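Here the structure is a predicted model, which means the values were calculated and not measured. Just follow the structure's listing: the first ligand is 1, and inside any ligand the first atom is 1. Note that the numbering runs from 1 along the sequence shown for the chain.
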Amino acid sequence: MNNPDHHAGQAVPVITIDGPSGSGKGTISQTLAEHLGWHHLDSGALYRLLAYAALQDSLDLNDEVALLALVGRLSESYQLPTRENPVIRLDGADVSDALRTERCADAASKTAALPAVRKALLAWQRHYRQPPGLVADGRDMGTVVFPDAELKLFLTARPGIRAERRYKQLKDKGMETDLVVLVKEVEARDARDSARKASPLKPAADALIIDNSDLNAADTLRQVLQAVHAIM
Ligand code: DC
């Protein structure tokens with residue numbers, strides 16, 4: 001990997017969008033990246049890919065040594081999905097939908113709590129900071145991975161609303177789930193992601209917090225664009 005943060009002596013601009021699951025950060029960051037013509041890093045997909053590959057290999061999700069070896073293998077072969085080619089592949093197979101299951105999200109939340117795993121993913125994530133710019137979404141993009149970002153946003157919404165959004169997303173993909181179970185799973189994952197010692201889910205001190213519980217996607221995007229245009 002060459003020195004990805006700086007090109008011709010200038011830092012490549014980054015906008016970070018963090019938040020819990022169901023906050024809409026994925027859709028908003030993808031749309032924003034397209035709008036700006038920048039790259040988009042879905043850091044959750046890296047955590048999910050690692051967890052999925054670990055489950056496939058029947059690894060113990062606490063086995064840091066085995067997980068680190070897996071990060072090394074995946075980071076060599078993983079291609080960031082683009083609008084033209086949105087497919088996420090593992091050993092040639094399309095795993096885009098498999099990564100979205102609750103089983104995979106749950107495993108990702110567990111492996112993501114390991115400090116060594118988070119550390120190993122740092123360089124991999126920073127590698128995506130390429131010209132003309134990067135929109136990065138996740139849990140710790142503004143606090144840990146890109147602390148010097150131009151703009152830091154934190155999207156959130158009430159837990160019940162986020163669970164309902166997840167329910168709809170999964171249903172649209174043909175994955176049937178029970179809303180009551182989903183609310184419990186979302187709350188458990190939030191608690192684990194927020195309580196862990198290593199880079200917990202929390203807004204950066206200089207982040208703009210947007211609660212979109214009562215906003216639709218278009219209104220959320222409008223608020224985000226206002227913030228972006230204020231700095232560019
Ligand atoms: O955003 P997501 O639902 O795809 O993320 C899946 C899991 O990965 C989530 O439970 C927490 C973890 N994650 C993380 O710890 N840090 C990130 N930057 C992104 C995701």
* Asked: Linking I/L/V/M/F/W/Y whenever any side-chain heavy atoms sit under 4.5 Å apart, do Leu151 and Val224 land together?
  -> yes
Protein contact of [atom] - nearest heavy atom, named by residue and atom, plus distance:
{"atom": "atom 4 (O) of ligand 1", "result": "Arg48 NE, 2.6 Å"}
{"atom": "atom 10 (O) of ligand 1", "result": "Asp193 OD2, 3.0 Å"}
{"atom": "atom 1 (O) of ligand 1", "result": "Arg139 NH1, 2.8 Å"}
{"atom": "atom 8 (O) of ligand 1", "result": "Tyr47 CB, 3.5 Å"}
{"atom": "atom 12 (C) of ligand 1", "result": "Ala112 CB, 3.8 Å"}
{"atom": "atom 16 (N) of ligand 1", "result": "Arg118 NH2, 3.0 Å"}

* **salt bridge (Lys or Arg N to Asp or Glu O under 4.0 Å), paired with Asp190, selected from Arg139, Lys202, Arg162** =>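 The option that passes is Arg162.
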* What residue among Glu102, Glu187, Glu185 forms salt bridge (Lys or Arg N to Asp or Glu O under 4.0 Å) with Arg166? -> Glu102
* Asked: What atoms of ligand 1 come within less than 4.0 Å of a heavy atom belonging to Met141?
  ->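 Once the distances to Met141 are compared, the set is 18 (N).
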* At a 4.0 Å threshold, what atoms of ligand 1 neighbour a non-hydrogen atom of Lys25? ->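 That gives atoms 1 (O) of ligand 1.
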Minimum heavy-atom separation for [X] to [Y], with atom names?
{"X": "Pro203", "Y": "Ile209", "answer": "CG-CD1, 3.8 Å"}
{"X": "Pro20", "Y": "Thr156", "answer": "CG-OG1, 3.9 Å"}
{"X": "Pro86", "Y": "Pro81", "answer": "O-CB, 3.6 Å"}
{"X": "Leu70", "Y": "Ala54", "answer": "CD2-N, 3.5 Å"}

* Contact partition for Lys110 relative to ligand 1, non-hydrogen atoms under 4.0 Å -> neither
* Given Arg48, Arg192, Arg189, Arg196, the one that forms side chain to side chain donor-acceptor pair (under 3.5 Å) with Ser109 ->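 With Ser109 as partner, Arg48, Arg192, Arg189, Arg196 yield a single side chain to side chain donor-acceptor pair (under 3.5 Å), made by Arg192.
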* Asked: Polar-atom distance check: Ser43 versus ligand 1, any N or O pair below 3.5 Å?
  ->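 The answer is yes, given that Ser43 and ligand 1 share an N or O pair closer than 3.5 Å.
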* Looking only at N/O atoms, are Asp140 and ligand 1 under 3.5 Å apart anywhere? ->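 Yes.
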* Sub-4.0 Å heavy-atom contact, Arg192 with ligand 1 ->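 Arg192: no contact with ligand 1 (<4.0 Å).
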* **Asp91/Arg73 ion pair, N-O < 4.0 Å** => yes
* Asked: Quick one: which of Gly138, Ala108, Gly26 has a heavy atom closest to atom 7 (C) of ligand 1?
  ->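 That would be Ala108.
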